[in-house]
Amino acid sequence: MRISFVAYEKLNNNSVDELELKESIRNCLRRNGIYYIGDLVEAIDKDALKKVRGLGVKMEKQIKNALFNYELCNAADPIDFIMSCSKIA
């Protein structure tokens, strides 16, 4: 997923609680030191979610979909955001 630096800085101040995720996923992220959406984006970019203990492939996909939906709803230009994102598997 590609997100501009400005968008990343804005997301860095927003909690993962703002994403539509199951409580078990949010708890897993918190236990692994991921508290903000910016941290989550960074973990995805570095492919570090695979190393998060207790987080399976299905949960990872749910996280990416929730992040995509969150960004789509909060993007200044949703079409531009869609075009800038790589395809979510």
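Separating the OH atom in Tyr35 from the OG atom in Ser15 is a distance of 10.5 Å, to the nearest 0.5 Å. Between the CD1 atom in Ile25 and the NZ atom in Lys58 there is a gap of 10.0 Å [rounded to 0.5 Å]. To the nearest 0.5 Å, atoms NZ (Lys22) and CG (Asn27) are separated by 13.0 Å. Interatomic distance, Leu29 CG to Tyr36 OH, rounded to the nearest 0.5 Å: 14.0 Å.
For the residue pair Gly54 and Met59, the shortest heavy atom distance occurs at O-SD, 3.7 Å. Between Val52 and Cys28, the shortest heavy-atom contact is CG1-SG, 4.0 Å.
Leu40 places a side-chain heavy atom less than 4.5 Å from the side chain of Leu19. Counting heavy atoms from C-beta on, the side chains of Ile34 and Arg30 never come closer than 4.5 Å. For the pair Asn32 and Leu55, the minimum side-chain heavy-atom distance is 4.5 Å or more.
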| Where do Asn69 and Glu20 land on the side-chain contact (heavy atoms from CB on, under 4.5 Å) test, with the steps shown first? | CA-CA 9 Å; Asn69 291 334; Glu20 293 180 19; over 6 Å; no
| request: Decide yes or no on side-chain contact (heavy atoms from CB on, under 4.5 Å) for Ile63 and Val16, but give the supporting numbers first. | output: CA-CA 10 Å; Ile63 289 170; Val16 293; over 6 Å; no
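A distance-only check finds a donor-acceptor pair linking the side chain of Arg26 to the backbone of Leu21 [under 3.5 Å].
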